[in-house]
Amino acid sequence: MAILFYEKKKREIYLVALVAILILAFFFLWFKVFRNKEEEIPTIEPNFLERKEEKIKIDFKEIENQILYELEFFSPIFPFQENFGRKDPFVPYVDLSTTSTSTLPEE
């Protein structure tokens, strides 16, 4: 009789798992397939072809403003006069001022 009891319990567990999977599949189909068909994507009509050409008007009085004539240029920037950096920047830098070569903390 104990064997029948375990088989019945197994069937109940499988039945509950099957129902849960079916419910999850139903919700997935509902939110991904059926619900998207009900919502319509709004479309915007292209009305840029109906616009008239607008001419650009430049106000030359603003260019002749006195404030613009009072502006000063920056002083020129000259290249460096001395050498800087290393000859080969890809060679690892070794600091000779430290005497310890261990990377472990000292105790």
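One is the number of the first residue; the rest follow in order along the sequence. Given the structure is predicted, the values throughout are model-derived calculations rather than measurements. All values below come from the heavy atoms of this structure, side chains included, with hydrogens, waters and symmetry mates left out.
- For F74, the side chain to side chain contact (heavy atoms under 4.5 Å, CB included) criterion is met by no residue, not counting sequence neighbours.
- Residue I77 places its CD1 atom among 12 or fewer non-hydrogen atoms of other residues, nucleotides or ligands, all under 6.0 Å distant.
- Here L18 sits in one hydrophobic cluster together with L22; the rule is ILVMFWY side chains under 4.5 Å apart, joined directly or through other members.
- A chain of hydrophobic side-chain contacts below 4.5 Å, direct or via other Ile, Leu, Val, Met, Phe, Trp or Tyr residues, connects F31 to I23.
- F27 and V19 fall within the same hydrophobic cluster, where Ile, Leu, Val, Met, Phe, Trp and Tyr residues are linked whenever their side-chain heavy atoms come under 4.5 Å apart, directly or through other members.
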